[in-house]
Amino acid sequence: MKLLRELPLGTRVVVRYRIEGGFTDALGDLVARDETTCTVETRRGPVVVAFETVALAKPVPPPPVRKSGGGPPPAL
């Protein structure tokens with residue numbers, strides 16, 4: 001997949017790739033690649049994806065900033 005070979009490491013990506021029985025996605029930072037694979041650092045850990053199994057891939061924006069759930073807003 002040409003895009004995954006050209007994006008700078010550290011780019012946040014989503015990669016859809018084939019697995020037995022269908023497809024799955026890896027969402028996270030592109031952290032490594034070699035001639036046949038790329039590695040996406042997901043929230044659950046690194047996922048190594050063979051280029052030959054990639055169906056779709058694209059860069060995505062950073063995750064939204066989570067608001068702290070520290071209780072009700074302060075009184076005015």
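Because only heavy atoms are used, hydrogens play no part in the values below, and waters and symmetry mates are left out as well, while side chains stay in.
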In this structure, CZ of R5 is separated from CG of D34 (nearest 0.5 Å) by 9.0 Å

Can you give the donor-acceptor pairs under 3.5 Å from side chains of residues 43-56 to other protein atoms, not counting sequence neighbours?
residue, atom, partner, partner atom, Å
T53, OG1, A50, O, 2.8

All heavy atoms of P8 vs all of L30, minimum pair found to be O-CD2, 4.2 Å

Next item on the list: Identify whether the distance between the nearest side-chain nitrogen and carboxylate oxygen of D29 and R12 falls below 4.0 Å.
Entry: no

Between A32 and L9, the two heavy atoms sitting closest are N-CD2, 3.7 Å

Got R16 and T24 here, is their nearest side-chain heavy-atom distance under 4.5 Å? no

task: Report whether V15 and L3 are members of the same hydrophobic cluster (ILVMFWY, side-chain heavy atoms less than 4.5 Å apart, transitive linking).
output: yes

Linked, directly or transitively: I19 and L4 (ILVMFWY side chains, under 4.5 Å): yes

- prompt: Above 12 or not: heavy atoms from other molecules or residues under 6.0 Å from CZ of R33?
  reply: yes

In T42, V40, V13, V60, the residue satisfying side chain to side chain contact (heavy atoms under 4.5 Å, CB included) with L27 is V60

